[in-house]
Peer 1: 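Below is the structure I would like to discuss, written out as structure tokens.
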Amino acid sequence: MTRFFLVDIHYTIEAGKAILRLYGRDGKGKPVTLKDENFEPYFYVVCDDPAGLEDLKEDDFHVTKVEKEEKLLLEKPVTAYKVYVNLPTAVPVLRELAKDIGQTLEDDVLFARRYLIDKGLTPLDLVEAEVEGDSIKTIKAETGTYTPKGLAFDIETYTPPDRKEIDYDNPIIMIAVYAPDYQKVLTWKKAKGAEVLDSEKAMLERFVDVVKAYDPDILTGYASDGFDLPYLLARCKKLKVPLALGKDGSSVITKGRSRQEARITGIAHVDLYKFIRRVLGRTMKTQSFSLNNVSQELLGEKKQEVDLDNIGSAWDAGKIDEFVEYNLQDTKLTYNLMLKVWPSLLEMTKIVGLPLFDASRLSFSQFVEWYMMKKAFSMNELFPAKPGYREQTRRMGQRAQGGYVYEPEPGVYDNIAVYDYRSLYPSIIVSHNISPGTVNCECCKGKIPEHDMHFCKKKQGFVSGVIKELLDYRTTIKKQSQKNKDVVLEARAYALKVLLNSFYGYLGFAMARWYSTQCVEAITAYARHYVKDVIAKAEKQGFAVRYGDTDSCMLELGKKTEKDAKKFLQLVNKGLADPMELELEDVFPAGIWVATKGTAQGAKKRYALLDKEGNLKIRGFESVRRNAAVIARKTQQELLMIVLKDRDKEKAVKLVKDTVDKLRKNELPIEDVVITTQVQKTTDKYESVGPHVAAAKLMENKGRTVKKGTIVAYIVKKGEGKIRDRVQLAEDARQGEYDGEYYITNSLVPAVENILSVLGVSPESITEATQQTTLAGF
DNA sequence: TATAGGCATACGACAACTCTCGC
DNA sequence: CCGAGAGTTGTCGTATGCCT
């Protein structure tokens, strides 16, 4: 009996047979490599008459056996034929032939993943196998905790002083690896603190040896999918060095062009940039996901500044000591980031049941889908097929109504009680049993709000059942972690939250297997119903409703107390079915809502609240948008503070007047007038060329690459005509070059006028008044 | 190889309109 | 008086980035 922690899995074809290889480590830290030759590839065919299935063949591919099974498809019983084939690569070929006989299903599940699902194995968890030599006879999942061996790495490349482009013709000049007990910097020119090799080629060979010597389970880099590993691979190819990091001696394999991935057999390669950006990005403050910014936010550590632009000339001059230090520092930060996100990454991997390599690269929809597939297998549900192109297009044409937003009345109000439904969409799904298979059942009757449909009340649905289990589990975890604070439990609760919050979007996602417009429409219809219900109840109780969006409701307490606010909470909750629950987030001493530009109507999704500690919670305003001019953001934020906290109209007016004045006199530094915008496509794809596109083109003219996601920073110069003809890159802008009047009328005034008008101050009085002062000075 | 829809805002593209000027 | 061209105004579409 062998017990080990599973790190990676992968298959090869040997002598016409598929062999799975499992890579891991036993409790003593010894590497384990086992093979399983007894797992056969298969797919399903749903049909009335299975005749001909056994005879399917093409070239070397053939069917080995066919078994009849009673399964469920979208929660309805069906007879399915399990068609075993001789090779994993036979599946896509023979399924095409099988389409003449019936509907094929589960014909697109990668072989190694199929193995994990069918055996119920969870990577990074304990596995118990009965073996003969290195061959697995039986295998099953156990539970245990293991901390894998991680190694961080980072490369530095030669860049000529005049160019910044990635060019594989330039050599790699330095490679660093870091683990707390293993640190090395390799280079091929004399340098302090580094291991100096004879040539780039020797350094690359040494790098492979260095990694192999440490024998990590995880190799991690920052943006290593798109940069470090493809670069290493390109240089190795050129210098004829095998980049054989794989545990089976295989080379690193890169896949994809726009979204590159680099895989190493037997070792989980984790690109932390990808994981952090995708999973934690939403909740992070930073605008840019550079290693420096991310470390700053997550670790509170900043790396030492080094002028990377000069790395080329420093290398030519042989003065690279500081780059050695920098290189190692980068790997150390990467390693520490890995430690920081490890609990979340581990929990996500365990929940979804995919190898770490895949789990660390999951999109939200994949997270849901793979979890559903794991659950479907255990509940005898067939995986619905992925939609074809036509079906996807049809789905994209469908549009479901979303959440309800209450139109606020512009004004400043005191004592705002903020309520929201806890996990509204998931709890609606559970309390109303919303699932693709429970829609309009024969056994029940009824009608949901706004739609002529109903959901079964007797039989537990598949999707609603899965979510119910997750919600219950999350509640248990939360209770446990309240008792004693634990990083693991917190990470698990977070992973569950991410998963739960993704289900609704997944059900409406055109490429989803478990797509259902009916479910999406029902969920949002119920949500609108419940929010409007709170609003109606609040009004009936004599509260002034100030705002509400999707799952929230904000009430002005007026003469009522916090005690009344809590009583109201109980009143609403009394009428709610489990697990639905309204929560009172907090009572805020003050709040402001404004009108939309040029109208008297209240603006939705733009408001600010002052909490009891005196902090602002700003939503939607320019202050929280990166594509507004810095000065407009700063001034607006200060203004909101003055309005809500100081309650000083004079001070508010003075702030804006002074700022207008400074802009007119060109007194503000360049960084205050910078506008940053992210380009969403390459510059040639724009139909309409706005200022940020013009700025992006300026970058391209300087030889810089602009791709989807590039952030451009620019200012607007003085002059006539279109704004786009007056942009200048922030980095090239000179003091005195910006157009103060532009910023006053297009940035500052729009950002403050609707706040000022709540106080009864017209924007004209602000700009005119300063004009008078300048005239007086004149 | 985008989880969803709702919303505000800025600016360009384009058409319609006004104004000016020369004949 | 008319017609050309410049300039202005208004509407619509594109684009970004936020909120829940």
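Not measured: the values here are computed from a predicted model.
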Peer 1: Salt bridge (charged side-chain N to carboxylate O under 4.0 Å, His left out): which pairs involve residues 519-539 of chain A, sequence neighbours left out?
Peer 2: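 Pairs touching residues 519-539 of chain A that pass the test: A/Glu450-A/Arg528, A/Asp533-A/Lys537.
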Peer 1: The criterion is ring pair (Phe, Tyr, Trp, His ring centres under 6.0 Å); which residues satisfy it with A/Phe543, sequence neighbours excluded?
Peer 2: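 Result, ring pair (Phe, Tyr, Trp, His ring centres under 6.0 Å) vs A/Phe543: A/Phe568.
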Peer 1: Mind checking if A/Val689 touches a base, just sugar-phosphate, or nothing, with heavy atoms under 4.0 Å?
Peer 2: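 Sugar-phosphate only.
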Peer 1: Looking at every strand, decide which applies to A/Ser502 at a 4.0 Å heavy-atom threshold: base, sugar-phosphate, or nothing.
Peer 2: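 Base, at least one base heavy atom under 4.0 Å.
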Peer 1: Pick the closest DNA chain B nucleotide for A/Lys722 and for A/Ser747 by heavy atoms, then say which residue is nearer the 5' end.
Peer 2: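 In this pair, the answer is A/Ser747.
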Peer 1: With sequence neighbours left out, write down each residue that passes side-chain hydrogen bond (donor to acceptor under 3.5 Å, both in side chains) with A/Glu583, or none if nothing qualifies.
Peer 2: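 Checked A/Glu583 against side-chain hydrogen bond (donor to acceptor under 3.5 Å, both in side chains); matches are A/Arg422.
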Peer 1: A/Tyr607 near the nucleic acid: base, sugar-phosphate alone, or nothing, with a heavy-atom cut-off under 4.0 Å?
Peer 2: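 If one applies the 4.0 Å heavy-atom cut-off, A/Tyr607 turns out to touch the sugar-phosphate alone, with no base involved.
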Peer 1: With sugar-phosphate meaning primed atoms plus P, OP1 and OP2, does A/Gln366 contact a base, only sugar-phosphate, or nothing at under 4.0 Å between heavy atoms?
Peer 2: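 Answer is nothing: A/Gln366 stays at 4.0 Å or more from every strand.
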Peer 1: Mind checking if A/Lys681 touches a base, just sugar-phosphate, or nothing, with heavy atoms under 4.0 Å?
Peer 2: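 It contacts sugar-phosphate atoms only.
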Peer 1: Output the residues of residues 620-636 of chain A in contact with DNA chain C, where contact means a heavy atom of the residue under 4.0 Å from an atom of the strand; sort by number or write none.
Peer 2: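 The answer is A/Gly620, A/Val624, A/Arg625, A/Arg626, A/Asn627.
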Peer 1: Please list, in 5' to 3' order, the outermost nucleotides of DNA chain C lying under 4.0 Å from any heavy atom of chain A.
Peer 2: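 Answer, 5' to 3': C/dT14 to C/dT20.
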Peer 1: Would you classify A/Phe367 as touching base, sugar-phosphate or nothing, given that sugar-phosphate means primed atoms plus P, OP1 and OP2, and contacts are heavy atoms under 4.0 Å?
Peer 2: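 Result for A/Phe367 = nothing.
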Peer 1: If you take any heavy atom closer than 4.0 Å to DNA chain B, which residues from residues 398-408 of chain A end up in contact?
Peer 2: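 Output list: A/Arg399, A/Ala400, A/Gln401, A/Gly402, A/Gly403, A/Val405.
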Peer 1: Can you name the ring pair (Phe, Tyr, Trp, His ring centres under 6.0 Å) partners of A/Phe503, sequence neighbours left out?
Peer 2: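 With neighbours one apart ignored, the set is empty.
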Peer 1: Quick one: list whatever passes ring pair (Phe, Tyr, Trp, His ring centres under 6.0 Å) with A/Phe289, sequence neighbours left out.
Peer 2: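 Here no residue qualifies.
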Peer 1: How far, in whole Å, is C/dT20 from B/dT1 if one measures between their P atoms?
Peer 2: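 Going atom to atom, P in each nucleotide, I get 32 Å.
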Peer 1: Applying a 4.0 Å non-hydrogen cut-off, can you work out what A/Ser552 is touching in the nucleic acid: base, sugar-phosphate, or nothing?
Peer 2: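 Result for A/Ser552 = nothing.
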Peer 1: Validate the cation-pi geometry between A/Arg361 and A/Phe357: distance from NZ or CZ to the six-membered ring centre under 6.0 Å, angle to the ring axis within 45°.
Peer 2: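 Pair A/Arg361/A/Phe357 counts as cation-pi.
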Peer 1: Show every side chain to side chain donor-acceptor pair (under 3.5 Å) that has at least one partner inside residues 503-520 of chain A, sequence neighbours left out.
Peer 2: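 Output for this query lists A/Asp108-A/Arg513, A/Glu369-A/Tyr506, A/Glu369-A/Arg513, A/Gln398-A/Tyr515, A/Gln398-A/Thr517.
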Peer 1: Is it the case that A/Gln366 and A/Ser363 place a side-chain donor and acceptor less than 3.5 Å from each other?
Peer 2: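 The criterion, which ignores hydrogens and geometry beyond distance, is satisfied for A/Ser363 and A/Gln366.
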Peer 1: Is a side-chain donor-acceptor pair under 3.5 Å present for A/Thr254 with A/Glu261?
Peer 2: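 No, no side-chain donor-acceptor contact under 3.5 Å.
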Peer 1: Looking for any heavy atom pair under 4.0 Å, which part of the strands does A/Asn746 touch: base, sugar-phosphate only, or nothing?
Peer 2: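 Touches sugar-phosphate only.
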Peer 1: For A/Tyr273, enumerate each residue passing the ring pair (Phe, Tyr, Trp, His ring centres under 6.0 Å) test, keeping only those at least two apart in sequence or located in another chain.
Peer 2: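 Per chain and number, A/Tyr273 pairs via ring pair (Phe, Tyr, Trp, His ring centres under 6.0 Å) with A/Tyr222.
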Peer 1: Going by side-chain hydrogen bond (donor to acceptor under 3.5 Å, both in side chains), name the residues that satisfy it together with A/Asn627, two or more places apart in sequence or in a different chain.
Peer 2: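 So A/Asn627 forms a side-chain hydrogen bond (donor to acceptor under 3.5 Å, both in side chains) with A/Arg625.
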Peer 1: Earliest and latest nucleotide of DNA chain B, 5' to 3', sitting under 4.0 Å from a non-hydrogen atom of chain A?
Peer 2: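 Taking any atom under 4.0 Å from a heavy atom of chain A, the span is B/dT1 to B/dA13.
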Peer 1: For A/Lys274, does the NZ atom sit with more than 12 other heavy atoms under 6.0 Å from it, leaving out its own atoms?
Peer 2: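 Count over threshold, so yes.
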Peer 1: Can the ring centres of A/Tyr714 and A/His692 be said to be less than 6.0 Å apart?
Peer 2: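 For A/Tyr714 and A/His692, the ring centres are not under 6.0 Å apart.
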Peer 1: For A/Thr710 and A/Lys707, which I'm curious about, is there any donor-acceptor pair between the side chains at under 3.5 Å?
Peer 2: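 No - no donor-acceptor pair under 3.5 Å links their side chains.
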Peer 1: With heavy atoms under 4.0 Å as the rule, sort A/Tyr371 into base, sugar-phosphate or nothing.
Peer 2: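 If one applies the 4.0 Å heavy-atom cut-off, A/Tyr371 turns out to touch nothing in the nucleic acid.
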